[in-house]
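The structure under discussion appears below in the form of structure tokens.
These numbers come from a predicted model, not from an experiment.
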Amino acid sequence: MDEKYFPEQVEKKWQQRWRESRAFEASNDDPRPKFYALEMLPYPSGFLHMGHVRNYAIGDALAWYKRLQGFNVMHPIGWDSFGQPAEQAAIKRGVNPRDWTEENIAHMRGQMQRLGISYDWSREIAAHRPDYYKWDQWFFLKMYERGLAYKKMSPVNWCPNEGTVLSNEQSSGGVCWRCGATVEKRDLEQWFLRITDYAEQLVEDMKQIEESWPEKVLKRQRDWVGRSEGAFIDFAVKDSKDKIRVFTTRIDTIYGATAIVLSAEHPLLEKLLETSALRDDVNRFAEKIRNKNASRGRAADQEEEKQGINTGVLAVNPFSGETIPVWVANYVLMEYGTGAVMSVPAHDERDYEFAQKYSLPIRRVIERVSHEQESIAHDPSSEDQSLAMQHAFTDYGIVVDSGEWSGKLSTVAMQEMAAQAKAQGFGEAAVTYRIRDWGVSRQRFWGAPVPIVYCENCGTVPVPYDQLPVVLPETAAFTGTGESPLAGVADFVNTTCPKCDGPARRDTDTMDTFVDSSWYFFRYCDPRNDSAPFDPEIARHWTPVDQYIGGDSHAVMHLIYTRFWTKVMRDLGLVSFDEPVKRLLTQGMVTNRVEGTDEWKAMSKSLGNGVDPDDMIVAFGADAARLFVLFAAPVENELRWSETGVEGSARFIRKVYRLVYALSDTLKRHASQQEPERKDFTTAALSLRRHTHKTIARVTNYFAGLGLNTTVAAEMELSNALIDWIEGRVKQFTAEPGLEAEPGFQELVNDVRTMLVHQQLAAMMDWYVAKELGKPSELRTLEFKSIAAEFFAVREALEALVIMLAPFAPHVAEEMWQHLGHEGGLLKSASWPQANAELARNEELEIPIQVNGKLRSRLLAAPEVTEEELRTAALNDEKIRAFIEGHEVVKVIVVPQRLVNVVVK
RNA sequence: GCCGGAGUGGCGAAAUUGGUAUACGCACCAGACUCAAAAUCUGGCGAGGUCAAACUCAUGUCGGUUCGAGUCCGACCUCCGGCACCA
């Protein structure tokens with residue numbers, strides 16, 4: 001151990017030792033309880049950014065903590081290495097996507113190792129390697145067998161300028177993200193996974209995780225699934241056998257329906273119009289709306305004015321028998337429900353707006369449940385009138401003017417009406433979902449090929465399992481024309497049919513990269529298995545994931561896909577639970593000031609406010625950078641970057657390092673090896689131990705809730721307390737008369753806090769011990785046992801501090817641990833310190849005394865003090881007497897061990 | 001518009017969940033050391049008030065509950081996220 005702290009030396013040294021000793025490789029057979037700590041696997045863009053550093057620092061702190069607590073910790077990492085950037089690099093610069101990806105992985109792996117994250121590198125995986133994506137294909141085939149993977153025509157986003165397909169994200173707002181051209185819809189045959197089959201479970205199973213996943217993530221998933229309870233109702237078309245099925249969540253308002261409104265894409269529309277005189281006008285209108293819908297997609301960010309047209313067709317309300325007109329309008333979406341709605345202007349805002357514009361009747365059939373206040377001085381009819389004029393009344397209430405249901409509560413009517421619809425065969429209670437099946441086909445090269453073959457004779461044929469993987473060719477022509485580059489690789493496309501051996505063509509699309517990340521953390525359990533995606537027995541040992549950590553940008557996509565995938569795996573018999581992740585933490589963003597402004601924004605190249613982790617490692621060390629990231633803000637908050645903040649963390653590390661350096665030799669010489677008996681501890685030693693054990697309890701408690709910032713703060717407090725304590729002891733030692741003359745000691749006393757005189761501090765302690773013990777026993781101020789006990793307390797504090805620092809600054813913690821006398825052992829085999837409640841207990845309590853709730857005095861009391869004693873002491877307190885003099889004491893509130901409040905009049 | 005979350009010093013934030021508000025750190029000011037700077041150390045640091053105290057006021061605003069409210073209840077204001085014609 002150097003006198004001075006050089007992070008680059010310390011960090012290199014321990015990184016090497018960890019690597020050589022395979023310190024963080026987790027065994028599947030370890031008998032200790034397991035803990036699976038997981039961070040979201042990165043896309044290998046080439047460079048780690050601060051968001052990654054934060055993510056991994058959090059995960060690593062937890063992994064270290066659990067390891068020190070005696071858990072068998074698995075902390076793996078891998079690469080989400082399929083995806084568009086590699087292909088873009090190929091198109092733009094002609095590099096091979098595989099080479100580009102491998103180089104990026106190599107560089108980022110180096111960065112992670114320089115950060116000293118305690119990953120189990122033996123379990124590293126990468127999605128682009130055939131031994132991984134083979135299992136993507138395997139899962140695809142399993143789903144195909146079960147009808148969970150199917151092919152259908154579907155519109156995709158198409159940029160006419162670049163001649164390429166875009167994802168929904170890349171065509172946000174209806175324009176191409178690169179060239180700004182208006183995106184068109186094109187119909188393509190695409191593969192879908194039937195996530196809608198699991199819609200109900202995706203909502204229902206949230207109950208299993210609602211305590212341990214962030215509410216905002218659950219909420220977004222709930223919104224995304226969009227579960228909605230209501231009813232289907234069939235309206236018969238007048239003079240026809242056709243029926244129009246609508247979905248409504250407010251069947252109780254059905255007597256207020258004054259029209260049926262269809263979406264422009266409604267399949268029945270054409271047939272209905274056959275007999276209509278308005279046919280041409282309606283068709284022209286519907287065509288216009290369809291075109292508009294197609295070109296803008298669903299991403300339109302502005303609500304359009306409602307437009308509609310009467311078809312001239314009439315429909316019959318099955319409840320009232322009333323005949324109402326059928327309209328077509330732009331505000332009804334084909335994608336949701338049945339693409340047709342009953343329009344109830346009195347009780348739906350959209351219908352109200354529509355009815356106003358086209359002068360449709362507005363009929364009120366729900367009244368507010370009356371409150372006493374409402375009956376005052378208002379003419380009810382005029383109030384109704386004004387209400388109806390301005391708004392739809394969308395609350396539940398009492399059904400009126402609705403035949404036999406009049407006078408019933410909405411909630412009651414809804415149930416009874418749905419039951420009647422069912423009994424009479426014109427409808428039923430129903431649940432609809434907003435979520436739609438997951439389109440996984442991508443017309444791209446850099447992904448897992450879809451393992452399907454098309455044969456002229458046999459049609460669509462799945463590739464047999466024993467022919468997996470369908471290997472991606474070495475390279476292809478990256479023209480960027482929009483068709484999958486695989487289509488141009490003749491060797492790949494042309495194959496023979498597995499069934500009939502005749503000529504066949506392969507599917508040339510690849511799978512969405514979210515497929516890779518839907519199950520990757522199961523692969524970590526058994527990463528080299530070549531006969532299954534993983535051994536269910538081994539996975540049973542490790543999964544579900546105990547703690548998952550990542551950004552909330554994946555709140556919907558990845559985290560809903562992986563929940564879906566887990567349920568499919570459960571149904572395949574691979575796992576035995578519903579939810580893959582027990583606890584989820586979504587960390588906040590890392591932001592930095594945008595130069596020349598007061599704005600804090602996420603670090604990015606384009607804003608020029610990025611900070612390179614490597615620069616921080618060089619300047620301050622990985623330990624200081626990691627410590628800062630965890631200390632500066634609660635993990636779920638935004639983290640504002642501050643270089644002076646990192647300096648502060650480095651300062652703290654240096655302080656502790658010097659303390660260990662200054663004291664370790666002395667501790668080796670003088671500290672008792674065994675824990676001394678209680679009577680041998682001086683009062684001073686006990687007060688230090690109290691601080692140590694209180695801190696252990698606090699830190700352990702904070703860690704349980706992932707309050708990492710307060711954990712670090714508590715550790716800083718302990719180090720401050722230890723320094724204060726040493727200063728106090730040195731001053732006391734040297735206060736003996738005559739010592740002023742001893743050479744160097746006056747400077748020592750003055751300088752003890754500067755920590756510039758370590759050797760002198762150690763020498764002084766040695767000298768002092770010798771001097772004390774050299775005295776005749778009656779003149780000694782301290783006995784040998786007490787000295788040994790006092791140094792024991794110091795060592796206890798330092799060791800606890802070093803162990804508790806390991807999750808935040810592991811390299812320097814290892815260095816200090818070794819220097820504290822644990823040569824040859826690694827910190828990972830140390831044990832997390834145990835808080836001793838007896839030792840943590842205060843000798844004396846400081847009890848605040850209030851008069852009428854305002855703090856007026858304090859008094860010191862023993863922890864055993866009774867309520868009565870506290871009350872008496874408070875009333876006799878000099879300051880308190882001044883306050884209560886001349887007033888009547890009404891009441892004295894005593895909170896045991898806590899506080900006294902004197903209430904006066 | 002709807003649904004969430006949050007408002008505490010100059011800044012990031014603490015507060016054992018109703019009991020001493022502002023821990024810990026950053027920035028800043030003064031001092032020590034230094035030829036000087038850096039580093040390090042010491043002291044100060046919510047506002048008002050005072051030589052110093054005492055004391056008064058402060059957790060977005062206004063009310064309420066309570067002996068006691070940053071914390072609980074009601075109304076409002078502001079900011080940040082998500083969704084957005086979902087029937």
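- When rounded to the nearest whole Å, the span between CZ of A:Arg245 and P of B:A87 equals 17 Å.
- Ring centroids of A:Tyr358 and A:Tyr352 are separated by 6.0 Å or more, keeping the two rings apart.
- Rounded to an integer number of Å, the gap from A:Lys219 NZ to B:C83 P is 9 Å.
- Under the 6.0 Å distance and 45° angle rule, A:Arg593 does not count as a cation-pi partner of A:Trp641.
- Counting to the nearest Å, the C1' atom of B:A87 and the CG atom of A:Asp351 are 7 Å from each other.
- Looking only at distances, a side-chain donor or acceptor of A:Asp877 sits under 3.5 Å from a matching main-chain atom of A:Ile880.
- Of the candidate nucleotides B:C3, B:A87, B:A39, B:A39 has the atom nearest to the side chain of A:Arg654.
- Glycosidic conformation of B:U17: syn, with the torsion inside 90° of 0.
- Residue-level contact check: A:Val902 touches neither bases nor backbone, having no heavy atom under 4.0 Å from any strand.
- Residue-level contact check: A:Arg856 touches the backbone only, with heavy atoms under 4.0 Å from sugar-phosphate atoms and none from bases.
- RNA chain B contains the following stems of three or more consecutive Watson-Crick or G-U pairs, with both distances under 3.5 Å: B:1-7 with B:77-83, B:10-12 with B:24-26, B:28-32 with B:40-44, B:46-48 with B:55-57, B:60-64 with B:72-76.
- Remark: aromatic rings of A:Phe426 and A:Phe319 are close, center separation under 6.0 Å.
- B:G9 adopts a syn glycosidic conformation, its chi angle falling within 90° of 0.
- Judged by the 6.0 Å and 45° rule, A:Lys306 forms a cation-pi pair with A:Tyr331.
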Between the protein and nucleotides 57-59 of chain B, are there any N/O to N/O pairs under 3.5 Å, and if so, what are the atom names and distances?
| residue | atom | partner | partner atom | Å |
| --- | --- | --- | --- | --- |
| B:C57 | OP2 | A:Lys854 | NZ | 3.2 |

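- No cation-pi contact links A:Arg434 to A:Tyr336, judged by a cut-off of 6.0 Å to the six-membered ring centre and 45° from its axis.
- Checking A:Lys219, A:Arg220, A:Gln221 one by one against A:Asp223, the side-chain hydrogen bond (donor to acceptor under 3.5 Å, both in side chains) holds for a single residue, A:Lys219.
- Two residues are said to be in side-chain contact when any heavy atoms from C-beta on lie closer than 4.5 Å; A:Leu585 and A:Leu706 meet this criterion.
- The distance from atom CZ of A:Arg434 to atom C1' of B:G82 is 11 Å, rounded to the nearest whole Å.
- At a threshold of 4.0 angstrom between heavy atoms, the contacts of A:Phe883 are confined to the sugar-phosphate backbone, with no base atom among them.
- Across all strands, A:Val903 comes closer than 4.0 Å only to sugar-phosphate atoms, never to a base (heavy-atom distances).
- Looking at heavy-atom distances under 4.0 Å, A:Asp223 makes no contact with the nucleic acid at all.
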B/S/- along nucleotides 5-18 of chain B (protein heavy atoms under 4.0 Å) is -------BSS-B--

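- A:Asp552 places no side-chain N or O within donor-acceptor distance of the main-chain N or O of A:Ala555, the cut-off being under 3.5 Å.
- Of the N and O atoms on the side chains of A:Asn901 and A:Lys891, not one donor lies less than 3.5 Å from an acceptor on the other residue.
- Nucleic acid contact for A:Gly226: none, since no nucleic acid atom lies under 4.0 Å from a heavy atom of the residue.
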